[in-house]
Amino acid sequence: MTMKENEEKLKQQLTEELSKIEIWENAPVPDLAFFEQFVAEEKKRIHQQLMKELFYFALAAAVILCCVAIMLIRLPVFFLLLQVPVLVAAVLFLFYPRKKEGEWNDI
């Protein structure tokens, strides 16, 4: 048998088996209302999750701001000493060249 004959035979067998599966398995199509309800429930769940995450974010931001304010009022020297390394780290992070994904270094 040649390769062309093998391909034709395989194609014929696949077509026969797929037609058997299509006849044997005729899946019912779900109702449109089911999908609309599913989408509405998923939107509600995502909205609730977003509100929860925003609440935790706001709470963390308030705690951080309160700690910074207390430190500024009680220990202004420590606050200023803490700002120097933070500022240096921020400048290094912003201006330090980073290699992008897929980029090569030239030698």
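What you see is a predicted model, and the numbers here were worked out from it, not measured in a lab.
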Should Val91 and Leu94 be regarded as members of a common hydrophobic cluster, given that ILVMFWY residues are connected when their side-chain heavy atoms come within less than 4.5 Å of each other, either directly or indirectly?
yes
Polar contact flag, side-chain donor to acceptor under 3.5 angstrom, Gln37-Glu41
yes
Apply the side-chain contact (heavy atoms from CB on, under 4.5 Å) test between Gln48 and each candidate in Lys52, Lys44, Met51; give the one that qualifies.
Lys44
Roughly how far apart are Leu50 CG and Arg45 CZ, rounded to 0.5 Å?
11.5 Å
Would Lys9 and Glu5 count as a side chain to side chain contact (heavy atoms under 4.5 Å, CB included) here? Give the steps.
CA-CA 6 Å; Lys9 186 177 179 182; Glu5 291 172 347; over 6 Å; no
Side-chain heavy atoms under 4.5 angstrom apart, residues restricted to Ile, Leu, Val, Met, Phe, Trp, Tyr: same cluster for Val68 and Phe78?
yes
As an exercise, state the distance from NZ of Lys43 to CZ of Phe38, rounded to the nearest 0.5 Å.
13.0 Å
Are Leu92 and Phe95 connected, step by step, through hydrophobic side chains (Ile, Leu, Val, Met, Phe, Trp, Tyr) whose heavy atoms are closer than 4.5 Å?
no
Output for pair (Leu14 CG, Glu17 CD), nearest 0.5 Å, gives 8.0 Å
For residues Ile73 and Met71: do they belong to one hydrophobic cluster (side chain heavy atoms under 4.5 Å, members Ile, Leu, Val, Met, Phe, Trp, Tyr)?
no
Nearest 0.5 Å, please: how far is CG in Leu10 from OG1 in Thr15?
9.0 Å
Please report the closest heavy-atom contact between Val86 and Leu82, naming both atoms and the distance.
CG2-O, 3.3 Å
Which distance, rounded to the nearest 0.5 Å, do you find between the CG of Leu72 and the CG of Leu80?
7.5 Å
